[in-house]
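In each ligand, atom 1 is the first atom listed, and ligand 1 is the first ligand listed.
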Amino acid sequence: MKLQMIVSILMLSHPTLSDVFNPDPSIFPDWSKYTKFDPEQYIQMKRLGSPSISPNRKQMVYQQYQYNKTTNSSKMNLRWVDISKGFSSAIDLTPNVNGQIDNSPIWINDNTVAFLAVRGSPNLNIFTVSTTDGSINQITNFTNGVMGIAYGSQAKRIAFISKVYKGKGIEESAAQRFQISRFPSSGVVYNKLFVRHFNEYVLGDKYQLFTMPISDQGPIKSVGDPVNVAEKYSGEWGLEPDSYNFSPDGKSILFSAKIEGKKEAWHTEAGVFQGPVDGSTAPIRLNPNFKGAASSPVYSPDGTSIAWLQMATPGYEADQNQIILYNITSQKQTRLIPDWEKSPAIIKFSDDSKKIVFIAPYEKDVSLFIADIATNKVSRYTSDGTVRSVSQIDDKSFVVTLSSMQFPDSLFILDVCQEPGKLNQLTFEDKGVLDKLWLSPTQTFWFSGAMNDPVQAMVLYPFGFDPTKKYPVIYLIHGGPQQSWNDGWSTAWSPNMYANQGFVVFIVNFHGGDAYGQKFTDSIKNNWGTYPYEDIMTGLDILTSNAQFVDPNNIVGIGESYGGYMINWLNGHTDKFKAFVNHGGIFNTISMYYMTDELWPLEHDMGIPWKFHSRKIYKANNPEKFTKNWKTPTLFTHGELDYRIPITESISAFSVLQRKGIDSKLLYFPNEDHFISNPPNQLKWLSEILGFFGSYTNTTVWQLN
Ligand SMILES: *[C@@H]1O[C@H](CO)[C@@H](O)[C@H](O)[C@H]1NC(C)=O
Ligand SMILES: *[C@@H]1O[C@H](CO)[C@@H](O)[C@H](O)[C@H]1NC(C)=O
Ligand SMILES: *[C@@H]1O[C@H](CO)[C@@H](O)[C@H](O)[C@H]1NC(C)=O
Ligand SMILES: *[C@@H]1O[C@H](CO)[C@@H](O)[C@H](O)[C@H]1NC(C)=O
Ligand SMILES: *[C@@H]1O[C@H](CO)[C@@H](O)[C@H](O)[C@H]1NC(C)=O
């Protein structure tokens, strides 16, 4: 009763919220006109990425990937569109051919796009394509692959990263790797962490940043050897630049890189560096005053300033990102919008250098904001949906990549004359598929969660919704824990696909999430099992006691990573779920600490397990401690190459249920990491998940044949 009261009070301040539990019939279509969205359609949808605007701001180019289940083949090509003419002008800039993977386009000039491709070369190399006649030129032919190209028009250099050995060039490194592969012994000695990182063993080679001079007159070609810009860096060798760009005058290059060394597995410290484009002197670190992570460094177009994102707390990867402005002349740092409580993820300068354009998680959305440097005034220009990239067209408009739970990443023109801005869709790549689908709108409500803080929930309705029926619920539990479910499209998680398969989809952005202010994020420290669990169960109570269309005896839950930790935790703490799916989840907080690659997330959130006080926190929040209570059937899914949360965590949890004689399954992928990324594996994964939930909720679902 108390819970229902809370909801009605909140509803008064948000009049549309009653619609969540009594949805307006007009939001549902004539079902006979639509087909059910299933994994086969989902996994074969086009995936747009790497949008890039031409120097004259009239054209966009982007990469597009598509998998075809019938032929079990993938292809990726470059697409081109004229911004003023709209989607009718869109063409394949490079041919769309099975097996070809043209990607990462950047503009060299208004008629030439550089990109990465193999195209018969030994590895990923740099090519160009002409936007006037489509002719393709190969620029490099390295055996050692290159990635992450960027162009400096004044520097007349292309920057890229390539994995090389200390003191070795690009091709020398390929030779060295080949030589090592022929050693009679395969043993590798480590004297520091990392041994493994994310999905691979750490060997002697590192991604280093190179710049290569090119001629941009006539046919583009390389006119000199690539130089390693951090070769002369005096700190520990091996800086791996993750974000870089050229200064407007073409003399310098700016990059961020994690600081290497013996402590790198438990520190997050990253440097922002500036150095000469030819590597003639060592890059200089601009943020030695900070010991936290740094990212997204950018030059102002007028060349006077640099901005980057800076976390202040050492060892905390989910600390608030502060926007730091650095005056190149005075070398002074100032913090922009110091009172803003959310955390920007990507920043850029406006063309006039007077504003910072940024993207930040904001409640259920990831929105575009503009901060005025002189006044610290912040304006929010998008609301519903997830913005992933932004490029400026002119004073009043931008091209953004936007998605929601209803449509995949698409380009939109955003007019910022008023707040919120006006959106005009530019690309409609999968219109044919989307037109045949009804995808539930993202409905939200707020409730009072742990510590009486407001917590946001999302609801999606099933295909063929009939308010007089009772539907099973799939409860989606996010990972992180310092992340949130966004109203956006992902290529591995489609809440609307689950909804279309006959389920009410329910999401609660519980404490620890990154879109509700830093205090909300920080609250999860020492509290992995407490506040999130409270939010999850309170949200479920509110749903089942208010939504007549929900069958309270037919609830299933799924989570990955920290979400999988929470699945194991729920198994020891509640009987309200019929079945669970746990992807790559943590079983034992203590063994997890010793096995994972990056030690900092657990050290920040729970401490070091051999210290007395921290040991108590690890134990209190350990799902393993409650295995005695486990009784809910669970499907575990895990990739062998997951070194973030090793597969032994799932095998351990599976052992518990098997030993107790409780129905359980383990789906093992030898060639996947923390995420299931290969489309044929994604189809198998979704088929097993739907099959497991379908059998426990008596729901007919799509199955792989
Ligand atoms: C996959 O390829 C087959 C055979 O070429 C074709 O008929 C089908 O339309 C393709 N599917 C998609 C989703 O493009
Ligand atoms: C499908 O393609 C994947 C990736 O190229 C390959 O590993 C797999 O063997 C193929 N499966 C079949 C049945 O051809
Ligand atoms: C690229 O290098 C390979 C050898 O690694 C060679 O066979 C090929 O001919 C080269 N291609 C070009 C365009 O130079
Ligand atoms: C940078 O500092 C210099 C010297 O103090 C000052 O003259 C200049 O106006 C500053 N530039 C910006 C963009 O604030
Ligand atoms: C399962 O669903 C079918 C068809 O919807 C129904 O006839 C049957 O009674 C249900 N079984 C159970 C155990 O609820």
Which of the numbered atoms in ligand 3 are under 4.0 angstrom from any heavy atom belonging to [X]?
{"X": "Pro122", "result": "2 (O), 5 (O)"}
{"X": "Gln138", "result": "13 (C)"}
{"X": "Asn141", "result": "1 (C), 2 (O), 3 (C), 8 (C), 10 (C), 11 (N), 12 (C), 14 (O)"}

Looking only at non-hydrogen atoms, find the nearest pair between [X] and [Y] and report the distance.
{"X": "Tyr471", "Y": "Gly464", "answer": "OH-O, 3.5 Å"}
{"X": "Asp225", "Y": "Pro213", "answer": "O-CD, 3.8 Å"}
{"X": "Glu429", "Y": "Lys46", "answer": "O-NZ, 3.2 Å"}
{"X": "Lys75", "Y": "Val97", "answer": "CB-O, 3.3 Å"}
{"X": "Arg196", "Y": "Met595", "answer": "NH2-O, 4.2 Å"}

**Any donor-acceptor N or O pair under 3.5 Å, side chains Asp102, Asn77** = no
**Q.** Residues Trp702 and Gln501: side-chain donor-acceptor under 3.5 angstrom
**A.** no
Open item on the list: Can you tell me if Ser121 contacts ligand 3 (heavy atom of the residue under 4.0 Å from the ligand)?
Closed with: no
Under 4.0 Å from ligand 2, residues with heavy atoms, in chain and number order, are Asn72
Quiz item: Under a 4.0 Å N-O cut-off, is there an ion pair linking Lys576 with Asp541?
Solution: yes
